[in-house]
Amino acid sequence: MEAKVSMTSDSHMPEGVRIGVRLKIAALWVAMLFLFAYGDIFGLFVPGRIDEIRGGKISGIEITQTFLLAASVYVAIASLMIFLTLVLRPTVGRWPNIVLPILASVIGESWVYFWFLSIAEGALLLLIIWYAWRWPTLER
């Protein structure tokens with residue numbers, strides 16, 4: 001017997017097709033990484049920022065190997081969470097998806113574009129926490 005799939009009138013998605021929590025959370029991590037990247041790219045257009053970087057500082061913080069390693073680890077963890085969200089059991093994946101977004105913060109920025117991106121990142125992080133908290137434990 002063939003299953004009948006009907007299309008809804010207001011979308012191109014078949015009726016009854018649900019996007020799982022895993023995919024929603026992974027997509028939110030991807031979106032947040034784009035905001036990270038674009039925030040940093042747009043920051044290069046702030047007058048004086050490139051000179052500040054050439055002088056060895058960013059937002060008043062000295063650029064050292066330790067700073068760059070910490071920033072790299074921060075981005076790597078967010079990147080890894082995309083994969084881990086898709087493969088870990090909900091009981092294991094829930095807590096990293098709740099705890100890690102709480103650790104995100106804004107340091108030393110005063111430009112409006114950066115605050116906008118930070119608020120957007122915060123909203124995505126809150127959605128990650130919300131979906132992770134509500135993640136059904138029976139989902140495989």
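As the structure is a prediction and not an experimental result, all values here were calculated from the model. Heavy atoms only: backbone and side chains are in, while hydrogens, waters and symmetry mates are out.
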Q. Taking all atoms of both residues into account, what is the closest heavy-atom pair of I98 and A132, and its distance?
A.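 That closest heavy-atom pairing would be CG1-CB, 3.8 Å.
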
Q.
Side chains of T91 and W135, heavy atoms from C-beta outward: is any pair under 4.5 Å?
A.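 The answer is no, as the side chains (C-beta and beyond) never meet within the 4.5 Å cut-off.
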
Q: Would you mind reporting whether S79 and L33 have side-chain heavy atoms less than 4.5 Å apart?
A: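 Sidechains of S79 and L33: in contact.
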
Just to verify, what does [X] make a side chain to side chain contact (heavy atoms under 4.5 Å, CB included) with, not counting sequence neighbours?
X    : value
T64  : E62, T66, F67
L117 : L35, F42, Y113
I53  : L44, R49, I58, I63

Q.
Please determine whether residues I119 and W29 belong to a single hydrophobic cluster, defined as Ile, Leu, Val, Met, Phe, Trp and Tyr linked transitively by side-chain heavy-atom distances below 4.5 Å.
A.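 No, I119 does not connect to W29 through the hydrophobic network.
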
(Q) Once ring pair (Phe, Tyr, Trp, His ring centres under 6.0 Å) is applied, what residue pairs with a partner in residues 77-102 remain, sequence neighbours excluded? (A)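 For residues 77-102, and leaving out neighbouring residues, the ring pair (Phe, Tyr, Trp, His ring centres under 6.0 Å) pairs sorted by first residue read W95-W133.
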
Q.
Apply side-chain contact (heavy atoms from CB on, under 4.5 Å) to residues K57 and I61 and explain how you reach the verdict.
A. CA-CA 5 Å; K57 291 193 176 201; I61 300 170; over 6 Å; no

What distance do [X] atom [atom1] and [Y] atom [atom2] have between them, rounded to the nearest 0.5 Å?
X    : Y    : atom1 : atom2 : value
L84  : R22  : CG    : CZ    : 11.0 Å
R94  : Y131 : CZ    : OH    : 14.5 Å
I25  : M81  : CD1   : CE    : 8.0 Å
L124 : L127 : CG    : CG    : 6.5 Å
M32  : I82  : CE    : CD1   : 8.5 Å

Q: Sorted by first residue and then second, give each side chain to side chain donor-acceptor pair (under 3.5 Å) pair with at least one member in residues 34-44; sequence neighbours left out.
A: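 Qualifying pairs, neighbours excluded: none.
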
Q: Report the residues that fulfil ring pair (Phe, Tyr, Trp, His ring centres under 6.0 Å) with F34, sequence neighbours left out, ordered by chain and then residue number.
A: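 Expected list: none.
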
Q. Any donor-acceptor pair under 3.5 Å linking the side chain of E52 with the backbone of P47?
A.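 Looks like no, no N/O pair under 3.5 Å.
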
Q) Is there a side-chain contact (heavy atoms from CB on, under 4.5 Å) between T85 and N97 once you walk through the steps? A) CA-CA 8 Å; T85 298; N97 276 293; 3.2 Å; yes

